[in-house]
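Working notes for the structure below.
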Amino acid sequence: MSAAISGSSELEKFRSEARAWLEANAPAAVRGVLSSIEGQGNWGGRRPTFDPPEMQTWMERMAARGWTAPTWPTEYGGGGLSPEQAKVLAQEMAALKLPPPLMGFGLEMIGPTLLNFGTEEQKQQHLTAITSGRIRWCQGYSEPDSGSDLASLQTKAVRDGDHYIVNGRKVWTSYGDQADWIFALVRTDPSAKKQEGITFLLIDMETPGVSVRPIRLISGKSPFCETIFDDVRVPVGNVIGKVNGGWTVAKALLGYERSMIADAFGASERGAKGKKKATGSGSRLVQLARQYGFGEQGELDDAVLRDEIAQLEMDERAFHLTVQRSRDAAKAGHRPGPESSLFKVYATELNKDRYELSVRIAGAQGLGWEGPGYDDDEITLTRQWLRSRGNSIEGGTSEVQLNIIAKRVLGLPD
Ligand SMILES: Cc1cc2nc3c(=O)[nH]c(=O)nc-3n(C[C@H](O)[C@H](O)[C@H](O)COP(=O)(O)OP(=O)(O)OC[C@H]3O[C@@H](n4cnc5c(N)ncnc54)[C@H](O)[C@@H]3O)c2cc1C
């Protein structure tokens with residue numbers, strides 16, 4: 001443990017400095033702005049959208065301080081904070097209702113992967129572009145015939161001098177139409193055993209031959225795309241790790257992805273909307289129940305529903321504490337192991353339960369799609385409920401996570 005964080009007095013000093021800095025530097029307009037893995041908030045990139053516009057100032061000030069990536073080393077645009085200091089910073093931001101200044105797969109997935117596997121040149125090229133919000137990333141893993149069995153992927157990269165020529169098709173590329181770079185898995189040795197012929201490659205989406213087609217979902221949105229590579233020339237310097245050694249890098253990144261998903265969907269602040277008409281205190285589920293007329297005084301007269309809400313909230317709380325304990329136990333630079341599968345399964349199943357319950361509480365008003373009769377929150381609730389069905393698929397399905405837990409956590413035979 002570094003001297004800076006060895007005592008609680010040093011940590012408390014950091015807390016008051018951080019609070020003073022946040023109060024002086026966070027624009028009032030960004031307080032309470034929502035951010036989520038589903039695209040809300042600031043994701044940066046070459047074509048950023050800042051909503052409200054003050055998000056730009058917020059991002060720039062936090063990036064200059066290194067606090068878009070608080071625990072990354074300062075030489076790569078991070079804040080160099082210890083995990084304890086980062087936790088204090090997050091607590092102070094939450095107390096002031098400040099959103100993350102920047103979100104995305106750069107900070108959550110490829111950044112940590114580059115810190116572990118990148119060369120110095122690759123770190124210099126990509127990490128500050130991420131922390132400053134200049135470049136937005138997407139993930140090119142899945143293919144039409146390779147999802148759970150990812151190692152069967154067929155997108156090919158053939159060496160041609162100082163370049164690889166990439167041909168193939170990726171699918172379900174989240175925000176592929178808004179991203180600037182993609183981290184992709186490509187097959188570089190078709191004759192090797194399937195896991196052994198894969199290479200991890202970074203590709204600029206503006207390279208000739210890359211095209212992207214949005215796919216419309218059941219929720220009505222199109223957050224993901226089909227990404228096609230047609231004779232795309234990629235410098236060999238863009239290989240991360242070893243040629244044909246991409247599977248190791250890919251698995252490490254999946255650990256970061258599953259932790260990100262668990263964080264995003266396990267949080268109890270999520271859940272039903274209904275902010276406009278909600279009354280009184282209590283969680284969002286309780287507020288939603290009150291909104292839909294359970295009891296004049298706001299009490300819930302349906303005992304079964306009361307029980308279900310209480311159970312879900314206890315599950316959320318227990319999960320939150322477990323994640324917190326695991327995070328506290330993790331050392332700085334800790335690479336998530338198979339326990340990230342455990343958290344991923346639990347958080348995403350919990351999120352699905354949360355939306356099922358929200359829709360049941362709202363009754364017929366929880367099934368609005370468009371038109372009069374439903375307000376914006378109700379329409380959003382229906383769409384979020386439908387979107388939540390994908391939670392136990394993205395980042396590897398629940399069934400696949402259970403296989404990993406059985407094998408690598410519990411040590412059960414194949
Ligand atoms: C919202 C969302 C966002 C996504 N974003 C991205 C992205 O940005 N980039 C990207 O590359 N991919 C992305 N994906 C794709 C995702 O990783 C795949 O959908 C997932 O890995 C499952 O693959 P599949 O859809 O081909 O299903 P399949 O692999 O065909 O699985 C079908 C069913 O069979 C089950 N199954 C398969 N194998 C086994 C097994 N061995 N044991 C038990 N059951 C099994 C699965 O659990 C599932 O129920 C996203 C998916 C979603 C839903």
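Note that ligands are numbered from 1 as they come in the structure, with each ligand's atoms numbered from 1 the same way. Note: hydrogens, waters and symmetry copies are ignored here, and every other heavy atom, side chains too, is used.
By the definition of a contact as any protein heavy atom under 4.0 Å away, atom 32 (C) of ligand 1 is not in contact. Within a 4.0 Å radius of atom 53 (C) of ligand 1, the protein contributes at least one heavy atom. The nearest protein heavy atom to atom 35 (C) of ligand 1 is not closer than 4.0 Å. The protein reaches atom 5 (N) of ligand 1 closely, with a heavy atom under 4.0 angstrom from it.
Put simply, CG on Leu288 and OG on Ser358 are 5.5 Å apart, with the number rounded to the nearest 0.5 Å. In this structure, Lys242 NZ and Phe117 CZ are separated by 10.0 Å, a value rounded to the nearest 0.5 Å. Taken to the nearest 0.5 Å, the NZ atom of Lys156 stands 14.0 Å off from the OG1 atom of Thr199.
Under a cut-off of 6.0 angstrom, the local environment of CG in Asp145 is sparse, with at most 12 non-hydrogen atoms contributed by other residues, nucleotides or ligands. The neighbour count for Arg31 CZ, taken as heavy atoms of other residues, nucleotides or ligands under 6.0 Å away, is above 12. More than 12 heavy atoms of other residues, nucleotides or ligands sit less than 6.0 Å from atom CZ of Arg306.
Closest to atom 24 (P) of ligand 1, if we only count protein heavy atoms, is Gly147 CA, 3.9 Å. Summary of contacts: the protein heavy atom closest to atom 39 (C) of ligand 1 is Val400 CG2, 4.2 Å. Counting only heavy atoms of the protein, atom 29 (O) of ligand 1 lies nearest to Ser148 OG, 2.6 Å. Counting only heavy atoms of the protein, atom 44 (N) of ligand 1 lies nearest to Glu399 CB, 3.5 Å. Among all non-hydrogen protein atoms, the one lying nearest atom 13 (C) of ligand 1 is Trp172 O, 3.0 Å. Looking only at heavy atoms of the protein, atom 18 (C) of ligand 1 is closest to Ser142 OG, 3.9 Å. For atom 20 (C) of ligand 1, the nearest protein heavy atom (residue, atom name, distance) is Ile393 O, 3.6 Å. The protein heavy atom nearest to atom 8 (O) of ligand 1 is Ser174 N, 2.9 Å.
Contact annotation for Leu150 and ligand 1: no heavy atom of the residue comes within less than 4.0 Å of the ligand. Only side-chain heavy atoms of Phe224 come within less than 4.0 Å of ligand 1; its backbone N, CA, C and O stay farther off. At a heavy-atom distance under 4.0 Å, only side-chain atoms of Thr397, from C-beta outward, approach ligand 1.
An N or O contact shorter than 3.5 Å is missing between Ser146 and ligand 1 by distance. At under 3.5 Å, not a single nitrogen or oxygen of Thr173, backbone or side chain, sits near a nitrogen or oxygen of ligand 1. Considering both main-chain and side-chain atoms, Asp149 never comes within under 3.5 Å of ligand 1 through any nitrogen or oxygen pair.
Listed by atom number, the atoms of ligand 1 under 4.0 Å from Tyr141 heavy atoms are 11 (O). Close contacts of ligand 1 with Gly390, meaning ligand atoms under 4.0 Å from a residue heavy atom, involve 53 (C).
Distances from atom 51 (C) of ligand 1 to the heavy atoms of Met109, Gln401, Glu394 show the closest one on Glu394. In this structure, of Ile261, Asn403, Ile182, the residue bringing a heavy atom nearest to atom 41 (N) of ligand 1 is Asn403.
At least one heavy atom of Arg387 sits closer than 4.0 Å to an atom of ligand 1.
Here the two rings, on Trp43 and Phe105, have centers that are under 6.0 Å apart.
Taking the six-membered ring where the residue is Trp, Phe183 and Phe200 present parallel rings, their angle staying beneath 30° rather than reaching 60°. Ring planes of Phe224 and Trp172: tilted class, angle from 30 to 60°.
In this structure, Ser398 and Thr348 approach most closely via the heavy-atom pair OG-OG1, 4.3 Å. The heavy-atom pair separating Arg354 from Leu285 by the smallest distance is O-CD2, 4.2 Å.
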_Test side chain to side chain contact (heavy atoms under 4.5 Å, CB included) applied to Phe229 and Thr207, step by step_ = CA-CA 10 Å; Phe229 301 100; Thr207 317; over 6 Å; no
*Stepwise side chain to side chain contact (heavy atoms under 4.5 Å, CB included) check, Thr155 with Leu185*: CA-CA 8 Å; Thr155 294; Leu185 297 179; over 6 Å; no
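With Ser341 as the fixed residue, the side-chain contact (heavy atoms from CB on, under 4.5 Å) test singles out one of Leu402, Ile404, Leu254: Ile404.
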